[in-house]
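These notes are about the structure you will find just below.
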Amino acid sequence: MSRLALAVRWVGPLSVLLTALFFDAVGASVMMLVCLAITITWRARLPAALEIATDVTLLVAAWSSVLLLYEEYAYWDLVVHFAATAVLAELTLRALRRWTRLEPSGPVSHVVVVSSLGAALALLWEYLEFVGYWLVDPQVNVGYLDTMGDLAAGHAGALLAGILGARARHRADPGGRARAADEGTADSTTAQDRGTGPGTTTSSDSRRRPDTTEERD
C-alpha cells in the first residue's frame, strides 16, 4: 500500500509537466495546487488508504477541468464537489490534529468539526471559482444554481466524511476515554500510596516526635 501511495504522489508532478507541455498554463497552475495538496497529505501522515483516496480524488478533479469534463457532463461537477470536499475536510482535520491542539472529544464533535471544515472549504472553493471566472477564464460556470448545487454537494460530502471518520475512530479505539479515566485514577492512587509509604514522614508523625523527645529527656 505504501508503494502505491508513493506512486500516486509522483503522479502530481507528472501531471504538471503534461499539462504544461500539451495543454495550457491554467491547467498547469491547477495541477500545481494539486501537488501542494498531495504534499500536505504526505506530511500529515495519513493512513495509506486515506492518502491514496485523497490524492486520486484531487487528481481526478483537476484532470476533469483540463479535459473539460465538467462542460461535457452536467452532473460530474456535483460528484467531484461531493468527493473532493469530503476528503479535504477529513484531511484538514487530521492536519490540524497533527500541527495544533485541535482534538474532537467524541463522535458528535468529530462530525460537527469535519462538517464545519467542509462547509468552509466548499465556500472557499466557490470564491476561487469566481476569481477564476473574473480574472482567468470567463467560461467558468459561476451561475446561481451551479453555486448552490456545489455548496450543497460539498456540505453533504463533508457530513458523510465526518460520520465515517467518527465511526472509524470509534472502531479503532472504542474504550479510549474509559481507559484514560482508569489510568488517571490509577496514577492518583499510586501517588497517594507513594505519599504514605514506609519512608515518608506525615504531619502526625512530625507532631509526635517532639513529645517523644521530651519523654526521653
Side-chain angles (χ1 to χ4, degrees), residues 1-23 25-70 73 76-104 107 109-111 113-122 124-125 128 150 153-174 176:
M1 185 69 73
S2 59
R3 292 183 178 179
L4 180 59
L6 179 61
V8 173
R9 290 172 198 163
W10 281 104
V11 175
L14 179 60
S15 298
V16 175
L17 180 61
L18 291 176
T19 50
L21 291 176
F22 300 105
F23 294 93
V26 175
S29 300
V30 172
M31 293 300 175
M32 291 178 67
L33 291 175
V34 173
C35 284
L36 175 61
I38 290 175
T39 303
I40 295 175
T41 62
W42 167 51
R43 296 299 299 169
R45 298 294 190 269
L46 298 179
L50 180 58
E51 179 183 352
I52 293 170
T54 303
D55 294 348
V56 170
T57 300
L58 297 180
L59 286 168
V60 169
W63 275 109
S64 297
S65 176
V66 172
L67 299 175
L68 304 178
L69 296 182
Y70 298 124
Y73 302 101
W76 183 242
D77 184 42
L78 298 178
V79 174
V80 171
H81 272 275
F82 179 90
T85 306
V87 295
L88 286 175
E90 185 66 23
L91 168 63
T92 304
L93 173 62
R94 289 176 178 265
L96 290 174
R97 287 173 59 187
R98 179 173 177 79
W99 295 317
T100 69
R101 295 183 178 181
L102 178 65
E103 182 65 39
S109 61
H110 183 99
V111 174
V113 171
V114 174
S115 300
S116 301
L117 291 173
L121 291 170
L124 177 61
W125 192 332
L128 293 176
D150 292 346
H155 292 172
L159 178 61
L160 179 61
I163 294 173
L164 294 178
R167 289 186 60 186
R169 182 180 179 185
H170 177 72
R171 289 179 178 178
D173 189 15

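For W125, the CH2 atom sits in a packed shell: over 12 heavy atoms of surrounding residues, nucleotides or ligands are nearer than 6.0 Å. Within a 6.0 Å radius of CZ in F23, other residues, nucleotides and ligands contribute more than 12 heavy atoms. Within a 6.0 Å radius of CZ in R97, more than 12 heavy atoms belonging to other residues, nucleotides or ligands are found. Within a 6.0 Å sphere centred on CH2 of W63, other residues, nucleotides and ligands contribute more than 12 heavy atoms.
Under the 4.5 Å side-chain criterion, counting only non-hydrogen atoms from C-beta, V79 is not in contact with Y73.
We find the CG-CG distance between D77 and L69 to be 11.0 Å, quoted to the nearest 0.5 Å. Here the straight-line distance linking atom CG of L58 with atom CG of L33 works out to 10.5 Å at 0.5 Å rounding. Atom CG of L91 is separated from atom CD1 of I40 by 6.5 Å, given to the nearest 0.5 angstrom. Atom CG of L14 sits about 9.5 Å away from atom OG1 of T19, to the nearest 0.5 Å.
Across R9, R45, R94, a single residue satisfies salt bridge (Lys or Arg N to Asp or Glu O under 4.0 Å) together with E51, and that is R9. For the side-chain contact (heavy atoms from CB on, under 4.5 Å) with V56, the lone residue among V11, V8, V87 that qualifies is V8.
Remark: side-chain polar atoms of T85 are not paired, donor with acceptor, to backbone N or O of F82 under 3.5 angstrom.
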